[in-house]
Amino acid sequence: MQNLIMKHKNYLLFVVIVLGIGLLIGILYYQFLNQSIKENIVTTLKTYQSFNYNNTLKDLIIMSLLLITSFFVIGLPIGIFYLFYEGISLGFLLNIFYVTYKFKGIIYFLIHFFINKLVILILLIFFIKRIINISRYTIGYLVYRHDSAIKEKIFSNFKKCLYTIMIVLVINIILYFISPVIFNNLKFLLK
């Protein structure tokens, strides 16, 4: 694990910065909302009965689109923007749960994050690294058309991206069934 982190140190630092800025913007975004919108969000959250997790289709579509667009190089900035968006949504959710339930809301959010988001976010980070590689190698292949080593690297990264999509799909399906059971037992935190 340490070798993996050291090997991708610059990329991981960049990702942490992108996610951190997104998290901060998500927190600030909630603060700048109209008071009636804030009250509506809090009321909706307090009356919401079921916190089911179902990101299966969303993750499948987004990751597939990122993979396809990586061959046209536009997947690279879209992938980075998607990480930024994930940071914004996490910051926004954190702030909503804090405003609505105070300290218990933060605990609930953290449990939700660790169970439903952390592994998928880590896989997404390395998936986007592969997307960046595919875009880079595609440019290299266009410049050096006869280089079969570049073609092999593109194929290798593509294959690893497909594996990652399949793993995320399996995790999402498992979470679809397990998550409601866990969070129905944690409803006491939201009172």
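We use all heavy atoms of the structure for the numbers below, so side chains are in, but hydrogens, waters and symmetry mates are not. As the structure is a computational prediction, the values presented were derived from the model and not from experiment.
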Test of understanding: clusters of I, L, V, M, F, W, Y form through side-chain heavy atoms closer than 4.5 Å, transitively. Do [X] and [Y] belong to the same one?
| X | Y | value |
| --- | --- | --- |
| Ile150 | Leu142 | no |
| Ile27 | Val16 | no |
| Phe127 | Leu13 | yes |
| Ile173 | Met166 | no |
| Phe155 | Val143 | no |

With rounding to the nearest 0.5 Å, note down the distance linking [atom1] in [X] to [atom2] in [Y].
| X | Y | atom1 | atom2 | answer |
| --- | --- | --- | --- | --- |
| Ile120 | Leu169 | CD1 | CG | 10.0 Å |
| Thr164 | Leu124 | OG1 | CG | 9.5 Å |
| Ile182 | Phe177 | CD1 | CZ | 14.0 Å |
| Ile122 | Leu12 | CD1 | CG | 10.0 Å |
| Ile167 | Leu123 | CD1 | CG | 6.0 Å |
| Leu19 | Leu90 | CG | CG | 7.5 Å |

Are side-chain heavy atoms of [X] and [Y] found at a separation under 4.5 Å?
| X | Y | value |
| --- | --- | --- |
| Asp59 | Ile171 | no |
| Tyr101 | Ile107 | no |
| Thr138 | Ile134 | yes |
| Ile41 | Phe92 | yes |
| Leu118 | Phe113 | yes |

Who pairs with [X] by side-chain contact (heavy atoms from CB on, under 4.5 Å), at least two apart in sequence or on another chain?
| X | answer |
| --- | --- |
| Ile88 | Ile25, Phe84 |
| Val99 | Tyr30, Val42, Asn95 |
| Tyr85 | Tyr82 |

Pairs meeting criterion salt bridge (Lys or Arg N to Asp or Glu O under 4.0 Å) with involvement of [range], two or more places apart:
| range | answer |
| --- | --- |
| residues 16-32 | none |
| residues 123-132 | none |
| residues 157-185 | none |

**Report entry** Hydrophobic cluster (4.5 angstrom, side-chain heavy atoms) - remaining members for Leu28
**Finding:**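 Grouped by the 4.5 Å side-chain rule, Leu24, Phe32 form the rest of the cluster around Leu28.
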Residues 60-78, side-chain donor-acceptor partners within the protein, below 3.5 Å, at least two apart:
unit_1 : atom_1 : unit_2 : atom_2 : d
Ser64  : OG     : Leu60  : O      : 2.7
Thr69  : OG1    : Leu65  : O      : 2.8
Thr69  : OG1    : Leu66  : O      : 3.2
Ser70  : OG     : Leu67  : O      : 2.6

Quick check: closest heavy atoms across [X] and [Y], and the distance to 0.1 Å?
| X | Y | answer |
| --- | --- | --- |
| Ile128 | Ile80 | CG2-N, 4.5 Å |
| Cys161 | Ile131 | SG-CD1, 4.2 Å |
| Ile96 | Thr100 | O-OG1, 2.7 Å |

Query - With Lys153, the side-chain contact (heavy atoms from CB on, under 4.5 Å) member among Phe158, Tyr141, Tyr137 - result: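 Option passing the side-chain contact (heavy atoms from CB on, under 4.5 Å) with Lys153: Tyr137.
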Report task. Check salt bridge (Lys or Arg N to Asp or Glu O under 4.0 Å) between Lys58 and all other residues, then give those that pass, not counting sequence neighbours. Result ->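 Per chain and number, Lys58 pairs via salt bridge (Lys or Arg N to Asp or Glu O under 4.0 Å) with Glu86.
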Report summary line: Sorted by chain and number, sequence neighbours left out, ring-ring contact (aromatic ring centres under 6.0 Å, His included) with Phe109 holds for none
Query raised in the report: With sequence neighbours left out, what residues match Tyr98 under ring-ring contact (aromatic ring centres under 6.0 Å, His included)?
Result: none
Query raised in the report: Any donor and acceptor pair, going by atom type alone, linking the side chain of Tyr11 with main-chain N or O of Ile125 inside 3.5 Å?
Result: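 Side chain of Tyr11 to backbone of Ile125, a donor-acceptor pair under 3.5 Å: yes, one is there.
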